[in-house]
Protein chains: 2
Amino acid sequence: MNGKRLNPHISIDCVLFGFDFEKLHVLLIDRGRYHSDFLHESIQYALPGDLIYMVEDLDEGAMRILKDLTGLHNIFMEQFGAFGNPNRMNSEADQRWLRSIRSEPEERVVTIGYFSLVKMTDYVPVASSFAKSAVWVPVNEVTELAFDHNELLEKALGSLREHMQTRPIGFNLLPPKFTLGQLQKLYEAIHDREIDKRNFRRKIMKLGIVKELEEKQKGVAHKPARFFSFDKGRYEELLEEGFQNFKL
Amino acid sequence: MNGKRLNPHISIDCVLFGFDFEKLHVLLIDRGRYHSDFLHESIQYALPGDLIYMVEDLDEGAMRILKDLTGLHNIFMEQFGAFGNPNRMNSEADQRWLRSIRSEPEERVVTIGYFSLVKMTDYVPVASSFAKSAVWVPVNEVTELAFDHNELLEKALGSLREHMQTRPIGFNLLPPKFTLGQLQKLYEAIHDREIDKRNFRRKIMKLGIVKELEEKQKGVAHKPARFFSFDKGRYEELLEEGFQNFKL
DNA sequence: AGCACTTATTGTTATCTTTACACTAAGCAC
DNA sequence: GTGCTTAGTGTAAAGATAACAATAAGTGCT
């Protein structure tokens, strides 16, 4: 074959979004302190990611890597893109870190991005492997990340938003019984904009994918809200009818 | 490191769609005859694709590979996904072909899919490298392709359709002066459905991204249509205003 | 008991968008 | 000039979107 045709490595990076009924967060790992200049020392964060195994499918790999690095398992993720700029790992800080964890730190790596969205409170990450710790960071407070991970995060967020226009991902995020206020907060957090309460409720109710329950909130310092549950049967009905629009 | 952590190869496959003012086509390469059973012999087609070079960016690689295999150059393509099922090349026919062109035919390959849409008549593909020939095939006449290429084609088509909802890709496909009938045919071919003429024209005109010209068709056996041209300035204006909806 | 505070709940109207639908016009071929 | 083909045009009904404010039901505090 061809001398130029050597073989980059392949990694998967996971962008795990978490929602806590307030804000949208992203799960990052702390790859340790570094000196940004002679005076300051910062923590640098990165997305959880690692090289894939020879025998695993990409989707499996994404789950496996997330578990290895954060302890969270059985989280299904969606692919959102491949990133292969030959210089994507060439910064000094990146190289220093790679030397500490990889046998071939200089090797080019093409990475494949995966994202998912979970209920933050259900998933308390545990540091493991080479990650010093894994933490939830509000997406609008994320600063400079390792490698090209800021770019990955942006792309993942875009994919998440698109995704929510066609599937009601997000109902897994709420408790089995939730209020429409909570559901609305979820949409507002992900799209980062306010939505009119009345219009929101009308649309949700017209879709028919939530069922009104008898039960109401208790012990809240305001008018108690009615609980609703996700009507999965109705949702699947809609999908079969070719319905594809959950835009809000 | 880890015995399991060997290193798959990386390829890029190109899904090039072409429009000829009638139907949507896809560019395939003929990888030669094979015996599907003891009686029949078929041509098997594949998407143009090959391993990437060590130093090129993915986007560059896609262009380079398309050029190597079909002679078409300077075609910008969009990424639509990575495909890495460990068994995606294990069929007998696939292996036979790989043995004829690769030094490590058994090696696992993860591929990254790219697509684009061009004016068919501008791009007459030339066979080169290991492709016996490259041909335009109408997308709804495509039969069984090599590897997982039918799956890639489906995904690419989906991405193309989504893409057209937010960008007026497609104006590059038409001559500088085109009729609204031609533009409508383009949309109909890609979305594979008929669109009402009056509604189509109204929407296009409201967007304001085409300019009416004085000139009309000549020598046609029916009422000559007025020519229009794409108003690039107006289009960029719309994008800057954050406008993102070219849905038809 | 009463007030402050907070979130829940509800409807209307104006505007815009979408969809469905059918006839006349202009050129060429014969 | 008849037939064929594609171009070009308007309207009405239904649906979707967006903007808008007042009352209700709890808790906490005094």
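Letters go in sequence order (proteins before strands), and every chain restarts at 1. These values consider heavy atoms only, across backbone and side chains, with no hydrogens, waters or symmetry-generated copies. What you see is a predicted model, and the numbers here were worked out from it, not measured in a lab.
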Legend entry - Backbone of B:Glu60 reached by a side-chain donor or acceptor of B:Asp57 within 3.5 Å: no

Inset, instruction - Return yes if the base of C:dT7 and the side-chain atoms of A:Arg226 contain a donor-acceptor N/O pair under 3.5 Å, otherwise no. - result: no

Inset, instruction - Mind checking B:Lys218 for me? I need base, sugar-phosphate or nothing, with any heavy atom below 4.0 Å counting as a touch. - result: nothing

Inset, instruction - May I ask you to decide if B:Thr179's main-chain N or O and B:Arg226's side chain share a donor-acceptor pair within less than 3.5 Å? - result: no

Legend entry - Exam field: side chain A:Ser116 to backbone A:Phe76, donor-acceptor pair closer than 3.5 Å: yes

Legend entry - Where B:Gln217 and B:Lys223 come nearest, the two heavy atoms and their spacing: OE1-O, 4.4 Å

Legend entry - Under-3.5 Å donor-acceptor pair between A:Arg198 side chain and D:dA21 base: yes

Inset, instruction - With the side chain of B:Ala225 defined as its heavy atoms from C-beta on, choose the nearest nucleotide among D:dA19, C:dT10, D:dA7. - result: D:dA7

Inset, instruction - Could you say whether A:Lys223 or B:Asn199 is positioned toward the 5' end of DNA chain C, judged by the nucleotide with the nearest heavy atom to each? - result: A:Lys223

Inset, instruction - Starting at atom CD1 of A:Ile204, determine the distance to atom C1' of D:dA16, rounded to an integer number of angstrom. - result: 15 Å

Inset, instruction - For B:Lys216 and for B:Lys197, find the nucleotide of DNA chain C with the closest heavy atom, then tell me which residue's nucleotide is more 5'. - result: B:Lys197

Inset, instruction - Between A:Arg202 and A:His222, just flag the one whose closest nucleotide in DNA chain D comes earlier from the 5' side. - result: A:Arg202

Legend entry - Rounded distance (Å) that lies between atom P of D:dG8 and atom CG of B:Leu213: 12 Å

